[in-house]
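One-based numbering, in listed order, for ligands and for the atoms of each. Keep in mind it's a predicted model, so treat the numbers as computed, not measured. Only heavy atoms go into these numbers, but all of them, side chains included; no hydrogens, no water, no symmetry mates.
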Amino acid sequence: MLGFDHCGIAKVQRLNDDAARLEKWLQKGMNGTMQYMENYFDMRIDPSLLVPGAKSVITLLKNYYPSQKQTVESPKISKYAFGKDYHEVIRNKLNELILLIKETIGDIHGRGFVDSAPVLERTWAQKSGLGWIGKNGNLINKESGSFYFIATLITDLELEYDDPFAKDYCGTCTRCIDACPTDAILPDKIVDGSKCISYFTIELKEMLIPNEMRGKFDGWMFGCDTCQDVCPWNRFSKPNNEINFTPIPEILNLSSNEWKNMSEENFKKIFKDSPLRRTKFSGIQRNLKFINGNG
Ligand code: B12
Ligand code: SF4
Ligand code: SF4
């Protein structure tokens, strides 16, 4: 009814293994300029500090794999950003879910999150039995791949818990590691955020993209899907059926030149509800110049 594709539930616990992994990742500066990743360390590894009294983490997956592709002339944009901003779309669904639980069960306390709070969302998805963490760092569901957003609802409700996903189906495959244009994927499922195209094109604010990355972006103007596109577990991805994720025609069709000549006013109008707003017009123009070799 709410349009989520998979759901799993895990008991709230302090994530000790993850704490060590996260600490190392931060120490090595793999967050680059994403300073928000250094904040709220304790909350990030213990949901009961984020939501007092929390007993359960309900994890939900939402498919964003689109039914249409960009034209070959278009600067590449990550598939997650083809339609309306997922933060808004999923937050509304989480609020509806909380209301529904309150109506059927009673006065529970719960808060829903998607991508914006100190929550280790991939870890909770794995702990809820929804899939394994691939070598490319993404949560992969055995039936339907990795083109999914992860949302969590942290609640004081005690529930029946799913078993964590025990297996890892990456095996000897190394396709994502071999294909990553900037060598951001390291051994042991570690992705160096500070080397990822997604970081440079979306998160790096008001700064030029470092020169050593020149020629390495493979046409990606906003985000990057390479390590998921090459993953064999995504061969059978099915298009999503979320009306709000219907691709914006300009994302599918505009050529590099048309992007270059777009006015800020038009950008704001066309992309007013889109994840592309995050980089702003100036960020898109910077990325475009960079991939066209004159940034
Ligand atoms: C910061 C961030 C980024 C940064 C840094 C990436 C990174 N390596 O963390 C940048 C901007 C580069 C980025 C890029 C992308 N991101 Co991002 N990002 C996040 C964010 C906000 C935090 C992630 C985080 O905590 N990183 C710190 C590192 C240390 O943690 P981690 O990568 O999650 O890994 C943990 C677990 O995987 C676990 N783990 C690792 N190995 C193992 C092994 C075992 C056995 C176990 C049990 C656990 C485990 O340990 C790690 C630490 O605890 C999350 C949202 C959230 N709140 O979780 C989204 C999120 C991870 N991103 C997401 C997406 C979609 C992307 C992109 C695909 C977007 C794009 N197309 O451009 C790329 C993919 C890049 C990649 N290969 O990882 C989705 C992932 C969905 C999925 N199916 O996995 C999330 C969950 C957002 C969401 N709510 O949907 N992202
Ligand atoms: S999103 Fe692109 S740059 Fe980032 S790790 Fe995957 S392939 Fe590498
Ligand atoms: S491409 Fe291969 S190694 Fe990488 S996540 Fe997919 S199955 Fe695992």
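Heavy-atom proximity to Thr226, at under 4.0 Å, picks out these atoms of ligand 2: 7 (S). Atoms of ligand 1 lying under 4.0 Å from any heavy atom of Val119, numbered from 1 in the order shown and given with element: 56 (C), 57 (N), 58 (O). The contact set between ligand 1 and Tyr80, taken as ligand atoms under 4.0 Å from a residue heavy atom, comprises 69 (C), 70 (C), 71 (N), 72 (O).
Counting heavy atoms closer than 4.0 Å to ligand 2, residue Thr182 contributes side-chain atoms (C-beta onward) but none from N, CA, C or O. Under 4.0 angstrom from ligand 1, the non-hydrogen atoms of Gln228 all belong to its side chain. With a 4.0 Å cut-off on non-hydrogen atoms, Ser198 does not touch ligand 2 at all. Under 4.0 angstrom from ligand 1, there are no non-hydrogen atoms of Tyr86.
Sorted by chain and number, the protein atoms of type N, O or S within less than 2.8 Å of atom 6 (Fe) of ligand 3 are Cys231 SG.
Taking any N or O of Asp188, backbone or side chain, none lies under 3.5 Å from an N or O belonging to ligand 1.
Between Lys127 and Asp162, none of the side-chain N atoms (NZ, or NE/NH1/NH2) sits under 4.0 Å from a carboxylate O, so this pair counts as no salt bridge.
Note that atom 19 (C) of ligand 1 has no protein non-hydrogen atoms nearby, at separations under 4.0 angstrom. Counting protein heavy atoms under 4.0 angstrom from atom 91 (N) of ligand 1 gives zero. The nearest protein heavy atom to atom 2 (C) of ligand 1 is not closer than 4.0 Å. Within a 4.0 Å radius of atom 59 (C) of ligand 1, the protein contributes at least one heavy atom. Inside a 4.0 Å radius of atom 79 (C) of ligand 1 there is not any protein heavy atom.
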Less than 3.5 Å apart, which donor and acceptor atoms pair up between the side chains of residues 182-190 and the rest of the protein, not counting sequence neighbours?
from	atom 1	to	atom 2	distance (Å)
Thr182	OG1	Lys195	O	2.6
Lys189	NZ	Ile133	O	2.8
Lys189	NZ	Asp168	OD2	2.4

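When only non-hydrogen protein atoms are considered, atom 9 (O) of ligand 1 lies nearest to Trp25 CZ2, 3.6 Å. If you check which protein heavy atom lies closest to atom 32 (O) of ligand 1, you get Arg122 NH1, 2.9 Å.
Rounding to the nearest 0.5 Å places CD of Gln228 at 4.5 Å from CZ of Phe147.
By the 4.0 Å heavy-atom criterion, Ala117 is counted among the residues contacting ligand 1. Look at Pro181 and you'll find a heavy atom under 4.0 Å from some atom of ligand 2.
Checking Cys180 against atom 4 (Fe) of ligand 2, every N/O/S atom stays at or beyond the 2.8 Å cut-off.
Tyr64 and Tyr148 have their aromatic ring centers separated by at least 6.0 angstrom.
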